[in-house]
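Below: the structure, in structure tokens.
Values reported hereafter were calculated over all heavy atoms of this structure, with side chains retained and with hydrogens, waters and symmetry mates removed.
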Amino acid sequence: MLKLRAFIKLQEVNSIKFLLWDWQFQELSNWNWCKPVMERILVVDDEADCQTVLAMYLESQGYRVECANSGVEALSIFENAPPDLVISDVMMPEMDGFEFCRRLRTTRLGQLVPFIEKLG
């Protein structure tokens, strides 16, 4: 079974150092020492087709996926049951992905959850 793993790596460009998230799908048996495993993922996208395709792929890899059609709906879902990872579209009506991330980060649990912004 494949699991999504998050790594932080240090990258230096022109003497400026950046901490970057690196996401990889890895065979679980090779990473037994790396805990906890991300199991619950919140997918936020106003486009039903994109949301469905991403959710189906993640579910086929063994993840539990919950979907939201907007940032407002996602904040409500997050309050009730915080996921292990949030994947959000940037371009959404009502509240874009950046504003959703800002509001999420104002909560204590929201500061700890990895967040991926997707374009398109």
Subject >> Worked verdict on M92 versus E47 for side-chain contact (heavy atoms from CB on, under 4.5 Å) >> reply: CA-CA 9 Å; M92 295 185 289; E47 294 181 26; over 6 Å; no
Original post:
How far apart are the C-alpha atoms of L42 and I77, what are their side-chain angles, what is the distance that settles it, and do they pass the side-chain contact (heavy atoms from CB on, under 4.5 Å) test?
Top reply: CA-CA 9 Å; L42 175 59; I77 291 170; 4.0 Å; yes
**OP:** Start with the C-alpha distance between D89 and V43, add both sets of side-chain angles, then the distance that settles side-chain contact (heavy atoms from CB on, under 4.5 Å), and finish with yes or no.
**Re:** CA-CA 8 Å; D89 187 17; V43 175; over 6 Å; no
Original post:
Please walk me through it: do E94 and V72 pass side-chain contact (heavy atoms from CB on, under 4.5 Å)?
Top reply: CA-CA 8 Å; E94 197 175 334; V72 174; 3.2 Å; yes
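Side-chain contact check for F115 versus I87: every heavy-atom pair is 4.5 Å or farther apart. For the pair Y57/E59, no side-chain contact is recorded, criterion being any heavy-atom separation below 4.5 Å from C-beta on. Within the 4.5 Å cutoff, the side chain of V44 has no heavy atoms near those of the E73 side chain. No side-chain heavy atom of E79 sits under 4.5 Å from any side-chain heavy atom of L109.
With hydrogens and angles disregarded, a donor-acceptor distance shorter than 3.5 Å links the side chain of R40 to the backbone of P82.
With values rounded to the nearest 0.5 angstrom, T106 atom OG1 is found 11.0 Å from R102 atom CZ. Distance check, rounded to the nearest 0.5 Å: CD1 of I41 to SG of C67 gives 10.5 Å. The distance from the CD atom of E99 to the CG atom of L104 is 11.0 Å, given to the nearest 0.5 Å. The distance from atom CG of L112 to atom CG of D84, rounded to the nearest 0.5 Å, is 11.5 Å. For the atom pair N80 CG and E66 CD, the distance stands at 8.5 Å (nearest 0.5 Å). Between atom NZ of residue K118 and atom OG of residue S88 there is a gap of 8.0 Å, rounded to the nearest 0.5 Å.
Neither side chain, Q51 nor D46, offers a donor N or O lying under 3.5 Å from an acceptor on the other.
M56 and V86 are members of different hydrophobic clusters when ILVMFWY side chains are connected at heavy-atom separations under 4.5 Å. Two different hydrophobic clusters hold L58 and V53 under the rule that ILVMFWY side chains link at heavy-atom gaps under 4.5 Å.
Annotation for E117 and C101: closest pair OE2-CB, 3.7 Å, computed over non-hydrogen atoms.
Enclosure of atom CG in D49 is not indicated, since only 12 or fewer non-hydrogen atoms of other residues, nucleotides or ligands lie within 6.0 angstrom.
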